[in-house]
Amino acid sequence: MKFVDEARVRVQAGNGGRGSTSFRREKFVPFGGPDGGDGGNGGSVYLRAASGINTLADFRIARTYRAGHGEPGGGNDCTGRSGADLYVVVPLGTVVRDSETREELGDLTRNGDVLLVARGGKGGWGNQRFKSSTNRSPRQFGPGLPGEKRSLEFELRVIADVGLLGLPNAGKSTLIRAVSAARPKVADYPFTTLHPNLGVVAVGEHRSFVMADIPGLIEGAAEGAGLGIRFLRHLQRTRLLLHLVDIAPLDPNADPVRDVRAIVRELKKFDAALAKKPRWLVLNKRDLLPASEAEERARTVLRRLRHRGRHFLISGATGQGTKALCEAVMTALERPARARARASSPEGADASPQGAA
Ligand SMILES: Nc1nc2c(ncn2[C@@H]2O[C@H](COP(=O)(O)OP(=O)(O)OP(=O)(O)O)[C@@H](O)[C@H]2O)c(=O)[nH]1
Ligand SMILES: [Mg+2]
């Protein structure tokens, strides 16, 4: 199915039913008094997150989701039936905003999370509620309140622990294929990947993390170059970024250092918080060079970038170094949040050349 990560929908809760005006009429009971029941409440509209779906494609056609109306009250103190609530199922990671006020109404990140988006109208009072010592045969009734109506915007941000970042052709999809069961297309032209792919990376028994592969990023993406930067939203929930760099680019004029910097600039333009996430450099395609030259190039790139975070020299194609990379990612994710924050600060940054194999 087509991947869609933005949608607009309208939701309309049910109206409350009208209260009833009725009087008790019974043999041998004169002046039976008012007995009009209340109207039923209108149904509400809720969103419910479910893990089975991973796109907003179902919402491509804008439509209105309506809950049921409450039924009118009846005589003999009968309350009207309430309108049925409506649960609209959305993918995990859906951020919900009111289109008019721009207010964020909720973020559904866990399976089964429920969010009320339009409250049903209360049923109106039946006439018996209006009786008093001075008005013993009231004819008033409550009309029932209208249900809430809203226009919503959904934005899907996939839920992953680690995100892959890099120029087109850096080898992101090749890496996720090598370490998980995800099967995104790999090809030697830029922008092969057009939407995010998620893969579960198993590291030994009962230890795993979720990796997100997104379309490649190029300089000027914030201004719309290439596929733009909108896909970066899918990295916002991750805790760690793996920045893939091709150390043996085909183009003789390509400069990996300049490219890394360009990507960091695009990250900052999109979201300063994203640019501050721990980012490890993954120098890829080592199989294309003799080992000594690959290591020499890696050293040069790291020195010129003054990269203080961790780095790895791998080949997604042959799998060399990918196991060590995944082990390190897993260990970093397992560390308590406080220790992680310390490790990613510049002072605590890991300057030792570990994981270089
Ligand atoms: N020799 C070698 N080739 C690689 C390696 N990793 C990727 N490639 C090749 O590089 C090309 C691009 O790989 P992809 O995995 O599609 O790159 P990507 O980063 O996902 O690219 P986009 O989806 O366009 O952003 C393909 O021809 C891959 O076969 C590697 O480690 N070694
Ligand atoms: Mg790709």
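Just so you know, ligand 1 is whichever comes first in the structure, and atom 1 is the first atom listed for that ligand. Sequential numbering from 1 along the given sequence is applied to the chain's residues. All heavy atoms count here, side chains included; hydrogens, waters and symmetry mates do not.
A perpendicular orientation is assigned to the rings of His234 and Phe3, their planes being inclined by more than 60° (bins at 30° and 60°). Classified by interplanar angle (parallel below 30°, tilted 30° to 60°, perpendicular above 60°), the ring pair Phe154/Phe59 is perpendicular.
Side-chain N or O atoms of Asp259 include none that pairs as donor or acceptor with a backbone N or O of Ala254 at under 3.5 Å.
When Arg102, Arg230, Arg97 are each tested for a salt bridge (Lys or Arg N to Asp or Glu O under 4.0 Å) with Glu155, only one passes: Arg97.
For the atom pair CD1 (Ile229) and CD1 (Ile218), the distance works out to 12.0 Å, reported to the nearest 0.5 Å. Taking CZ from Arg177 and CG from Asn197, the interatomic distance works out to 10.0 Å, rounded to the nearest 0.5 Å.
Around the Mg ion (ligand 2), protein N, O or S atoms at less than 2.8 Å comprise Ser173 OG, Thr193 OG1.
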Point to revise | side-chain contact (heavy atoms from CB on, under 4.5 Å) evaluation trace for Val282 with Leu325 | key: CA-CA 9 Å; Val282 177; Leu325 171 64; 4.1 Å; yes
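Using a cutoff of 4.0 Å between basic side-chain nitrogens and carboxylate oxygens, Arg24 and Asp35 are not scored as salt-bridged. In summary, Glu295 and Arg286 engage in a salt bridge, as defined by a charged side-chain N under 4.0 Å from a carboxylate O.
Within 4.0 Å of ligand 1, protein heavy atoms come from Leu167, Pro168, Asn169, Ala170, Gly171, Lys172, Ser173, Thr174, Val186, Ala187, Asp188, Tyr189, Pro190, Phe191, Thr192, Thr193, Gly216, Asn284, Lys285, Asp287, Leu288, Ser315, Gly316, Ala317.
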